[in-house]
Structure formats: C-alpha cells, structure tokens
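Here is the structure we will look at, set down as structure tokens.
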Amino acid sequence: LFAWTGSAVAIGAVGAGGAAAVLSPAGAASPAPVADSPTLPGPVPFHGIHQAGIATPTQGHLLLNAYDVPGTVTRAQLTATLKAWTTTARSLTAGKLVEQDPTISVDGDPAALTVTVGIGGALLDRLGIARPGPLAELPAFAGDELEERFSGGDLVVQLCADDPLVLAGADRALRKAAGATVRPRWQQAGFQGAAARRDGRTTRNLMGQVDGTNNVSTSERARSGPVWVDATDPGWLTGGSYLVVRRIRMLLDDWEKTPLDHQEKVIGRHKHSGAPLGSKLETDPVDLDARRPDGSPVIPADSHVRLSHPNPGEEMHRRGFSYRAGILPDGTSDEGLLFLAYVKDPTTSFVPVQHRLAQHDALNAFTRTTGSALFAMLPGITGPDDWYGRALLS
Ligand code: HEM
C-alpha cells in the first residue's frame, strides 16, 4: 500500500543534477550522489487539483504543526501569510533553497517533501465564514484523555519527507515566512519503517503489527471517492479533504507482557504475517462471518479489525505515523501512533467508526488518546498564480 510508484523517474531527475543543483545557495552544483548511496525519491509535484501529501505514498518522516491565529489578525494579514506559505512551499518542494532556510537542508534533495495546509473551524467562525457541516467539532469519545497541548488549532501544516533534515529546514522556513500572523500551538513528529518505502511492504507500528493493509487508497487525479470533497458546497473546499488527527499513546509495557495469541485476538490478525485470523496471507480478505467449530467467531467480536471495518460510506484513507516523544515523569515512555485520516466527511466516516471503537475495541486496554484535532484541508494549488485558500479568502 505504501509502494512508491514514481521512484525511477524521480531518482533519474536528481541524479541528472536537476533537483540537486538548485539547492546550492551560491549557484554551484551540489556534489554528485555517491554511486551506491541510498537514493531519495526526489521532488513530488506541487501543483494539482489536490494538495500533495494526501494521495502521495507515505514518506518516511512527518512533522505536523498546528498554529493559532490571534484574534487581532485581519483577513488581509492571513491572506499574506497563506501567499507567503505558497511561495515558500513551491520552492522547497522543488528542491530550491529559500532565503528563510538557515541552510539546514542545503546538502539534500527535496526528499519527496510535501507541504499540506488546512484550516480549523474556530478560525472560520472568527472570519465570519460559514463552517461546512463536516467541520463540526468532533464529539467527545468514551475514554479520551485529551490534553490541550496536543489538540485543536486554527491552521495545520503537514510536512512529510524522506529526510528529517529536509523537514527541519522546511519547518524553520515556513515558520519564518508566516511572521507574527500565526503562533505555534503544537508540533508532532512521526516516522514510518523504512521497509515500507524500500520494498513497498506495509509498515509495522510500535506494537509490532502490520498496519495499513486494508487501507482505502486514492489518487492525485480522482475527483470523487471517500477522500476528496467533490460537492460545490462550500465551493472553496472542492478538491480538498478533511484531516482527523488523533494522538494515541500505546501502553507498550502492558502490551509486551500480553501473550501473542491474545495480542492477535485484540487486533483480529496474525502478528507476524499480518494475515486475518484463520488465514495465511496479509492480503487475504477479512472474513467476519467465519466461525470456529464451537460457533464462536474466528475474528473476535471485540477485535479492532471487526469494529473498525467500514460500513458503506465510512471509508477513510489512513496516513498514520509512529511517534516517540520521550520518557514521562513516571518513567514510562510516551510513544504510539499519530493517527491521521483523510476523509470526504468525518461525520459519516471517522465519527461513527470511532464511537464503535471507543465503546468496544479490545485495543483500548493498551491505548490512551491524548490529542485530537480536525481540519479542512484546502484544495490543490493549480498553477503558479494560485495560493493556499485563494477560493476561501479572495
Ligand atoms: C486496521 C492498528 C487506531 C481504523 C488496523 C490494523 C491494525 C491497526 C494493526 C490491521 C491492518 C490494517 O488493515 O491496516 C491500530 C492501532 C491503533 C489504531 C495500533 C491505535 C493505536 C485506529 C483508529 C481508527 C482505526 C483510531 C479509526 C477511528 C482502522 C480501520 C482499519 C484498521 C478502518 C481497517 C479495517 C478493515 O477494514 O479491515 N488498525 N489502529 N484504527 N484500523 Fe486501526
């Protein structure tokens, strides 16, 4: 599912010096890549009907930034910031060093950098713009232990790349380009296993499970389906999407003490192969009707895959990353999953699925959700004159 389909073309471009050469601030060509060094996949196209970073095969690293916009900021100031972000992101994703980058990423290529921008409901309210129905506040879910410092936000910038150094440079540059119009609210860093990117295998999460098998895929060209807003109401979001963010801590000390057969019943899949219980291959279909000789379901009633399996209309495109945020005062580690889901309408997809999981999922014994946010992700930048939020603000 995370197969990288464009690598041959993109690697060729970097090897030919196209993307690498423009990185040098003095205009001198960067050193040629060493023959046997691992090659990064080069630039991801910036322009399109959708923003890059949603259908784009998941890169190795994530920096997710939420910002607040102070109440004193005018619409004109917000417009100026979104225009500055567009110019900066257009250059960075093409591998061009921008003046705000303190040369952090000068030695790299763009490493498939994508910059994906969204807006929160409270900011729309303050701007006097009607909130689309799907951007209603997420309801409270049973068991949530949300912390303000990991939740909410007026704007979100999802940065993804295969090189964390490139992400650092892009992050600094975009922050400086925004000036005083925005205030950082929270930042989450995540990563994926390299095997996913290298071999097209499904990545594992920090519980050791193969995670992302039955995902809903989408494409840069699709105009409808479960991810993209295709309605004309509101017209400013056509071609956009909604992003649900959930910061889910894993209680790994408890999980690792749990016997393998119980771990597998919690998820409903075998841990090593990722195959559904009762099957052999990761790609085998999940048979929710299969019964044991005693009549009990092969895939338990409270298993994660049974409860999360979408009814028609509940489909989500999951684009999650693992996170490791250090050691808590009690000596346990704060690590887990940054669950990111892109959907056409969270009220009919994420919300009903999450209510089911919150009430019955056996996985809840091993997880704590500490952060939550919802954003309307803007449509794509269609050309050189376009900018983030043009249809919303002009
Ligand atoms: C499936 C892990 C949270 C939605 C899976 C699978 C794993 C997994 C291992 C099976 C492989 C696959 O098909 O991807 C986890 C972990 C979570 C978590 C460790 C928390 C730490 C969530 C949340 C949601 C969700 C919060 C949505 C509200 C799904 C869906 C599937 C899935 C839709 C596919 C089910 C199917 O159709 O077979 N998850 N998940 N997961 N998960 Fe999660």
Side-chain angles (χ1 to χ4, degrees), residues 1-2 58 138-139 141-146 190 192-193 196 201-217 226-227 242-252 254-256 258 263-279 281-290 299-300 302-324 334-343 346-374:
L1 276 171
F2 296 111
T58 310
L138 291 175
F141 296 105
D144 275 4
E145 296 183 7
L146 302 185
Q192 289 239 343
R201 271 192 272 159
T202 314
T203 196
R204 285 186 192 270
N205 61 34
L206 294 176
M207 287 178 154
Q209 302 140 355
V210 177
D211 191 350
T213 305
N214 262 356
N215 203 356
V216 167
S217 62
V227 174
Y242 291 93
L243 170 63
V244 179
V245 181
R246 305 278 287 171
R247 185 183 190 275
I248 308 175
R249 184 178 169 220
M250 294 171 171
L251 307 181
L252 291 178
D254 296 342
W255 177 254
E256 286 157 8
T258 304
Q263 290 187 353
E264 295 186 330
K265 287 188 181 128
V266 165
I267 287 293
R269 283 181 176 267
H270 293 292
K271 195 170 175 189
H272 292 284
S273 63
L277 291 187
S279 299
L281 301 177
E282 182 199 341
T283 48
D284 284 343
V286 178
D287 181 359
L288 295 176
D289 297 326
I299 298 185
D302 61 354
S303 66
H304 182 70
V305 296
R306 177 181 290 278
L307 292 166
S308 62
H309 185 68
N311 294 314
E314 290 180 346
E315 293 85 359
M316 295 173 246
H317 174 57
R318 290 177 286 142
R319 204 172 189 280
F321 291 79
S322 295
Y323 80 87
R324 307 196 78 221
D334 180 8
E335 53 190 311
L337 176 71
L338 297 173
F339 174 90
L340 309 187
Y342 282 93
V343 292
T347 64
T348 56
S349 55
F350 173 79
V351 171
V353 173
Q354 180 55 35
H355 272 308
R356 278 204 302 274
L357 295 179
Q359 279 152 19
H360 306 293
D361 191 356
L363 193 58
N364 295 339
F366 304 97
T367 60
R368 297 288 178 269
T369 302
T370 57
S372 182
L374 173 66

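When a ligand or atom number is given, it counts from 1 through the structure's own listing order. Since the structure is predicted, the reported quantities are computational estimates derived from the model, not experimental observations. This chain uses plain numbering: 1 for the first residue, then up along the sequence.
- Below 4.0 Å from some heavy atom of Phe350 lie the following atoms of ligand 1, by number and element: 28 (C).
- In this structure, Arg368 contributes its side chain and Asn364 its backbone to a donor-acceptor pair below 3.5 Å.
- Neither the backbone nor the side chain of Thr202 comes within contact range of ligand 1; no heavy atom lies under 4.0 Å.
- Checking side-chain atoms of Thr202 against main-chain N and O of Gly212 turns up no donor-acceptor pair under 3.5 Å.
- If you check each of Val210, Val244, Asn214 against atom 11 (C) of ligand 1, the one with the closest non-hydrogen atom is Val210.
- The protein heavy-atom contact nearest to atom 21 (C) of ligand 1 is Ile248 CG2, 3.5 Å.
- Nearest to atom 36 (C) of ligand 1 among the protein's heavy atoms is His309 ND1, 3.5 Å.
- Contact atoms of ligand 1 toward Thr367: 21 (C) (distance under 4.0 Å to a heavy atom of the residue).
- In this structure, His317 contributes its side chain and Val216 its backbone to a donor-acceptor pair below 3.5 Å.
- The option from Ser308, Pro346, Gly208 that lies nearest to atom 33 (C) of ligand 1, judged by heavy atoms, is Ser308.
- Which parts of ligand 1 touch Pro310 is read off a 4.0 Å heavy-atom cut-off, strictly below it: atoms 37 (O).
- At a heavy-atom distance under 4.0 Å, only side-chain atoms of Arg318, from C-beta outward, approach ligand 1.
- Taken from CD1 in Ile248 to CD in Glu335, the straight-line distance is 14.5 Å, to the nearest 0.5 Å.
- Nearest to atom 42 (N) of ligand 1 among the protein's heavy atoms is His304 NE2, 3.0 Å.
- Under the 3.5 Å distance criterion, the side-chain polar atoms of Gln263 are matched with a main-chain donor or acceptor of Trp255.
- Residue contacts with ligand 1: Gln354 is placed with no nitrogen or oxygen under 3.5 Å of a nitrogen or oxygen of the ligand (distance criterion only).
- The CG atom of Leu138 sits 9.0 Å away from the CD atom of Gln354 when rounded to the nearest 0.5 Å.
- Inclusion of Thr213 in the set of residues having an N or O under 3.5 Å from an N or O of ligand 1 is warranted.
- Each of Arg204, Arg318, Arg319 was evaluated against Asp211; a single residue qualifies, Arg318, per the salt bridge (Lys or Arg N to Asp or Glu O under 4.0 Å) test.
- Annotation for ligand 1: atoms under 4.0 Å from non-hydrogen atoms of Asn205 are 2 (C), 19 (C).
- Between Arg246 and ligand 1 there is no heavy-atom distance shorter than 4.0 Å.
- Of all atoms in ligand 1, numbered sequentially from 1 with element shown, those under 4.0 Å from a heavy atom of Val305 are 10 (C).
- In this structure, the separation between OG1 on Thr370 and CZ on Arg246 is 9.5 Å, given to the nearest 0.5 Å.
- Closest protein heavy atom to atom 25 (C) of ligand 1: Phe339 CE1, 3.6 Å.
- Rounding to the nearest 0.5 Å places OG1 of Thr348 at 9.0 Å from CD of Glu315.
- Without hydrogens or angle criteria, Asp361 side chain to Leu363 main chain gives a donor-acceptor distance under 3.5 Å.
- The side chain of Gln209, and not its backbone, has at least one atom closer than 4.0 Å to an atom of ligand 1 (non-hydrogen atoms only; side chain from C-beta on).
- Contacts between Asp211 and ligand 1 below 4.0 angstrom, taking non-hydrogen atoms only, involve backbone and side chain alike.
- Shortest contact from atom 14 (O) of ligand 1 to any protein heavy atom: Gly212 N, 2.7 Å.
- Nearest heavy atoms, Pro352 versus Glu314: CB-OE2, 3.7 Å.
- For a threshold of 3.5 Å applied to N or O pairs, the pair formed by Asn215 and ligand 1 contains no separation below that value.
- Between the side chain of Ser308 and the main chain of His304, a donor-acceptor pair closer than 3.5 Å is present.
- Heavy-atom minimum distance, Thr258 versus Asp254: OG1-O, 2.9 Å.
- Given atom 16 (C) of ligand 1, the protein heavy atom at minimum distance is Leu363 CD2, 3.6 Å.
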